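None of the values given here were measured: they were computed from a predicted structure. Order of the sequence lines fixes the chain letters, A, B, ..., with proteins taken first and strands second; residue numbering starts at 1 for each chain.
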Amino acid sequence: MPNCKHACAPVPTVGELVPVVMTVNGFTVQAEIPVDLLLVDFLRDYLELTGTKRGCGDGDCGACTVLLNGEAITSCVKLAIQAHEQEIITVEGLASGEELHPIQEAFLEVGAVQCGFCTPGMLLSAKALLDQDPSPSEDKIARHLAGNLCRCTGYTKIIQAVQLAAQKMAQL
Amino acid sequence: MVGYSNPRNLQEVFAAMLKSPYQLVAGGTDILVRKNKGLLEFSHIINLLNVAELQGCTCGINGSVRLGALVRHADLVKDGQCCKVARALTQASQEVGSLQIRNLATLGGNLCNASPAADTATPLLVLDASFELVSSQGTRQVKATDFFVGPSKTCLQADELLSAVLIPVSPVLACGSAFMKLAKRKALAIAVVNGSAWVQLEEVAGEIRIGQARVAMGSVAPTPVRLPDLEAWLKGKPITASVLAEAGKLAETMVKPIDDIRSTAAYRRFGTAALVEKVLAEAVLHAKEGNYA
């Protein structure tokens, strides 16, 4: 992704424009954004990275989860300007070209994706966990995904997918 | 027009505050929720995340614990030393929101938002904490017990902000604390009731008794509250199952919960009795491990 100024029509907000620079999925991006722009809207509307979903708008569902400096956060309650000079990973940053991340492979193999709306957030929360603990217990996985709600799957296969992902990553 | 300031220290914060009206934003997990719901209009945003004096956490067994207002719940959960000294607070931070919220939200923000259900409030009430408040006029300290004055209301004056939380460390061993939260979900839930206890044990004629106790409850009154009558009753009591059960029953008579969307007054009274009994028992166990605070 090249350096970009905001190319597409942004979400209308009222305010001064401020310069922001951040690293997103390994690329440096810079833009002039309204002060009150949310990180989720910056990612979706300015960078056209629509993998991050807006589920509730109040930090309660986890669909907007991204990694900020390696830690899972809900981007709908984070101002984009407060992520200035920070590192963001979105779901689009997991695969390397056509090669899926082991966590993505695991979700597909196990069948942990139904409507898919919670999935980007789940993948990133799982990545944050596995990066810190390569072999978490089932209980720990459940606790670490507690901030990501799923209305379709009942969570069982999601947890199995994370366990499988841990095995896959251990073999790398 | 929504303006923006990104101060690096308190002096720059006070200068930015001259652009009245302003909105301080730290973690943003309360403020941005209100904004997203249309309950808050931004004026001039002052980003607090880079303010040096608000950061950091110093813990020691010989002095008080100083937590900068910007310390996140995630930091409190991770910090092993603070965990030993201020156990109830660490337990409470673990229960706030979700992992994602804990990675954003600050201790100072949780306290200044001043919900009667604030998870970090009752631990600080029983740990006898003080809050450091700063303004361009200077610094003052207030006891945690004087900080919360109403639902979502604190004693912060105009243009004043909370810079640090100070927790005294007991010079005597055999203190323990615990926190508990009753809620409808394991995460992302505002407490139906929450509460904390702190005890200092003493030995009297070979028997271990409660030397001193502090108990606080949240979500049962307009602010998080200490229960001084219960504390007086507990002083000197032996530690038996019936004493703890009676403490719970007494606590139930001392709180004034209401019916709201989360629960009923009746359930909250019932919850208070159970919670106080359990949290005292846990604080005693912690004290028996020979811990400070």
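In this structure, B:Lys278 places its NZ atom where only 12 or fewer heavy-atom neighbours from other residues, nucleotides or ligands lie under 6.0 Å away. The environment of CD in A:Gln132 is crowded: more than 12 heavy-atom neighbours from other residues, nucleotides or ligands sit within 6.0 Å. Within 6.0 Å of CD on B:Gln11 lie no more than 12 heavy atoms contributed by other residues, nucleotides or ligands. Within 6.0 Å of CD in A:Glu87 there are 12 or fewer heavy atoms belonging to other residues, nucleotides or ligands. Within 6.0 Å of OH in B:Tyr267 there are 12 or fewer heavy atoms belonging to other residues, nucleotides or ligands. When the shell of 6.0 Å around NZ of B:Lys153 is examined, it contains 12 or fewer heavy atoms from other residues, nucleotides or ligands. Atom OH of A:Tyr155 has more than 12 neighbouring heavy atoms from other residues, nucleotides or ligands inside a 6.0 Å radius. For B:Ile190, the CD1 atom is loosely surrounded, since the number of other residues' heavy atoms within 6.0 Å does not exceed 12.
With a 4.5 Å cut-off on side-chain heavy atoms, A:Leu38 and B:Asn36 count as touching. Considering only heavy atoms from C-beta on, B:Asn47 stays 4.5 Å or farther from A:Ile81 through its side chain. Looking at A:Glu71 and B:Leu99, their side chains never come closer than 4.5 Å, going by heavy atoms from C-beta outward.
Put simply, of A:His84, A:Arg143, A:Gln82, the one with the most heavy-atom pairs under 4.5 Å next to chain B is A:Gln82.
Of the listed residues (A:Ile73, A:Val77, A:Asp58), just one forms a side-chain contact (heavy atoms from CB on, under 4.5 Å) with B:Thr29, and that residue is A:Val77. Results of the side-chain contact (heavy atoms from CB on, under 4.5 Å) test with A:Asp36 over B:Glu41, B:Gln23, B:Lys35 single out B:Lys35 as the only residue that passes.
Contact annotation for A:His144: both backbone and side-chain heavy atoms come within less than 4.5 Å of a heavy atom of chain B. Both the backbone and the side chain of A:Thr74 come within contact range of chain B, each with at least one heavy atom under 4.5 Å from a heavy atom of that chain. Only the side chain of A:Ser125 comes within less than 4.5 Å of a heavy atom in chain B; its backbone stays farther off.
From B:Leu104, atom CG reaches atom OG of A:Ser75 across 9.5 Å, with rounding to the nearest 0.5 Å.
When every heavy atom of A:Asp60 is checked against every heavy atom of B:Leu188, the shortest pair comes out as O-CD1, 3.0 Å. Nearest heavy-atom pair across B:Ser98 and A:Gly147 is CB-CA, 3.5 Å.
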Item to complete: Begin from the C-alpha positions of B:Asn103 and A:Leu68 and carry the test side-chain contact (heavy atoms from CB on, under 4.5 Å) through to its verdict.
Response: CA-CA 9 Å; B:Asn103 282 332; A:Leu68 172 64; over 6 Å; no
